[in-house]
Protein chains: 2
Amino acid sequence: MLGHMTAKDPRAAALAALAALLADETRAACLLALLDGRAWTAGELARHAGVAASTLSEHLGKLVAGGLLAEERQGRHRYVRLADARAAGLVESLAAQTPAPAGPPGSLRESSTRSAMARGRTCYDHLAGRLGTAVTDALTLRGLLRQDTGFALTEAGVEWFATAGIPLDLSSRRPLARACLDWTERRPHLAGAAGAALCRHALDAGWCVRIGSERAVKVTAAGERELAARLGVPPDALR
Amino acid sequence: MLGHMTAKDPRAAALAALAALLADETRAACLLALLDGRAWTAGELARHAGVAASTLSEHLGKLVAGGLLAEERQGRHRYVRLADARAAGLVESLAAQTPAPAGPPGSLRESSTRSAMARGRTCYDHLAGRLGTAVTDALTLRGLLRQDTGFALTEAGVEWFATAGIPLDLSSRRPLARACLDWTERRPHLAGAAGAALCRHALDAGWCVRIGSERAVKVTAAGERELAARLGVPPDALR
DNA sequence: GACATGCTTCGGCCCTCACCGAACCATGGA
DNA sequence: TCCATGGTTCGGTGAGGGCCGAAGCATGTC
């Protein structure tokens, strides 16, 4: 009866509304799953989250309405994916503040999945895990990426991408380099347009391949060779 | 009865719990107010948010328990502030994703406060508003800050801080330069250790002064001179 | 001491919202 | 045409949580 009458701050309302979208465990599970950068069907997400299809349908409605997800309907399937890099960044940055994965390892299957994810995975559209940080470290060590005064590619870095045949869209408004805090390594890895381009190239050129249906990736023998030759990444940093 | 039994993803639970802290309008209003980087008492925040003291007390309990706020008790006052730059960054990044301030200007008093805030303000511990972006633009134009390949100070930039007598803590783990999306200008301004140092110096040296009890700041005549001389900031960019 | 002030705790109210199952609608395949 | 499958809509239920006022503790003032 008191607070009801006062004119609330619209900024606060907007912030709370946005946060409320992420403040549900089921929706959070969906968003984390979608961090693999691919499109999932509503049914897949329902099974993944362990709720009824009807429940999940409502969740998707909210997330789409909130602008976090984009949907694409194909036949009787409703495909849904993170709306854009901005939405992905939001989930990333929030997830990064999360205390810790915590907990002792679960079943054998779980822990083997976990260690594969720790070794290498994609984070929305760039590389993460030991693979991601190893590549980021190598770029830094070679003077291709600066971390001491911020987080940016150097001239030499831009050139490296060019000679490696990895196209960078310099005209986009998306920043070339961005730091993304790695969940397992607790250190930043390369995100942004350059991170995405590098990841795409790594998958296209067979430097690494996806394993399982999740976000984990595995470096191939060819990938080890290329990463060692082009960036001086020590092969054992990837294991 | 179905979802209740399935083992939920702990990551999702943690993310949801963190988001839930921000998903309340009253708590959001507190966090936004605390973005001024100063400590507020519980009573001030209660009045600011328009709720009973008892209600706000509970909110503060949750925010402190969640690690977003740090408290300091002095006599019968409970002072509370953002826990650290990490927490501030979280609020910032979430607030930055918010659609838009929206809405027509309110009362005269409100709109004059609003325009003062748009002109210049602090954002946790660095400069924002037209002032913040003007300084950021000037740094960029002079080759002291790179934005095209990420967001980082250049060698010349580090040197500029040194000759201006603004100390930079290079040993800290906090990144020197970070991009923070400006709410009013919709463009990035300088945050991070360098942004904080610059803001502190600007206040200490009288380049700008706080007006009112809020976050708004006003550039002084001396400030205009210094910013023009040292960075080439055109005085009318600050009005 | 007695009193004011700032904060906290407690009980109770009420609204919101995640959840389900059942019915319903659409698509695509026999 | 019928059926299987994926998705959505719609009541109904229950838990959670934000809110208040009143009472209770501190702290600092007279």
Side-chain angles (χ1 to χ4, degrees), chain A residues 1-9 12-13 15-31 39-66 68-81, chain B residues 1-9 12-13 15-31 39-66 68-81:
Chain A
M1 190 190 277
L2 202 156
H4 293 183
M5 292 295 104
T6 63
K8 304 287 189 84
D9 176 1
L15 202 171
L18 178 58
L21 282 178
L22 310 183
D24 175 83
E25 188 167 344
T26 299
R27 284 196 292 267
C30 292
L31 291 168
W40 292 50
T41 69
E44 285 170 339
L45 285 173
R47 280 186 294 279
H48 176 76
V51 298
S54 57
T55 300
L56 203 114
S57 178
E58 291 171 5
H59 285 308
L60 290 188
K62 295 186 187 187
L63 291 171
V64 170
L68 290 180
L69 298 188
E71 67 182 349
E72 211 166 324
R73 308 181 100 109
Q74 269 177 34
R76 55 187 174 189
H77 291 280
R78 178 192 205 179
Y79 283 96
V80 72
R81 56 183 163 72
Chain B
M1 191 189 278
L2 201 155
H4 293 181
M5 293 296 105
T6 63
K8 304 285 188 88
D9 177 1
L15 201 170
L18 178 58
L21 283 179
L22 310 183
D24 175 83
E25 189 167 343
T26 300
R27 284 196 293 269
C30 293
L31 292 168
W40 293 49
T41 70
E44 286 169 338
L45 286 173
R47 280 186 295 278
H48 176 77
V51 299
S54 58
T55 300
L56 203 113
S57 178
E58 291 171 5
H59 285 308
L60 290 188
K62 294 185 188 189
L63 290 171
V64 169
L68 290 180
L69 298 188
E71 68 182 348
E72 212 165 322
R73 309 181 99 108
Q74 269 177 33
R76 55 186 174 189
H77 292 278
R78 179 194 205 178
Y79 283 95
V80 75
R81 56 182 164 73

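In this text the structure is predicted, and so the values were computed from the model without any measurement. In what follows, every chain begins at residue 1, and chains take the letters A, B, ... in the order their sequences are listed.
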Let me confirm one number: the [atom1]-[atom2] distance from [X] to [Y], rounded to the nearest 0.5 Å.
X: B:Leu60; Y: B:Thr55; atom1: CG; atom2: OG1; result: 11.0 Å
X: B:Arg78; Y: B:Leu56; atom1: CZ; atom2: CG; result: 9.0 Å
X: B:Lys62; Y: B:Ser57; atom1: NZ; atom2: OG; result: 11.5 Å

For [N], does either OP1 or OP2 sit under 4.0 Å from a side-chain N or O belonging to [X]?
X: A:Thr41; N: D:dG6; value: no
X: A:Ser57; N: D:dT8; value: yes
X: B:Arg78; N: C:dG6; value: no
X: B:His77; N: D:dG28; value: no
X: B:Lys62; N: D:dG18; value: yes
X: B:Thr55; N: D:dG18; value: no

Counting heavy atoms from C-beta on, name the nucleotide in [options] closest to the side chain of [X].
X: A:Ala52; options: C:dC20, C:dC19, D:dC19; result: C:dC20
X: A:Arg76; options: D:dG6, D:dC19, C:dC20; result: D:dG6
X: B:Ala42; options: D:dG18, D:dG6, C:dC7; result: C:dC7

Can you check whether A:Val80 reaches A:Leu63 side chain to side chain, under 4.5 Å on heavy atoms?
no
Looking across every strand, which nucleic acid part, if any, lies under 4.0 Å from A:Arg47 by heavy atom: base, sugar-phosphate, or nothing?
nothing
Just checking B:Ala53: base, sugar-phosphate only, or nothing, at a heavy-atom cut-off of under 4.0 Å?
base
Give the rounded distance in Å between these two atoms: [atom1] of [X] and [atom2] of [N].
X: B:Glu71; N: C:dG6; atom1: CD; atom2: C1'; value: 14 Å
X: B:His59; N: C:dC7; atom1: NE2; atom2: C1'; value: 15 Å
X: B:Glu58; N: D:dG16; atom1: CD; atom2: C1'; value: 13 Å
X: B:Glu44; N: C:dT5; atom1: CD; atom2: P; value: 16 Å
X: B:Leu45; N: D:dG18; atom1: CG; atom2: C1'; value: 17 Å
X: B:Arg73; N: C:dT5; atom1: CZ; atom2: P; value: 21 Å
X: A:Trp40; N: D:dG6; atom1: CH2; atom2: P; value: 16 Å
X: B:Leu21; N: D:dG16; atom1: CG; atom2: C1'; value: 15 Å

Show the numbers, then the answer: is there a side chain to side chain contact (heavy atoms under 4.5 Å, CB included) between B:Leu69 and B:Leu31?
CA-CA 9 Å; B:Leu69 298 188; B:Leu31 292 168; 3.9 Å; yes
Hey, does the side-chain of A:Ser54 have a donor or acceptor N/O within less than 3.5 Å of a partner on the base of C:dG21?
yes
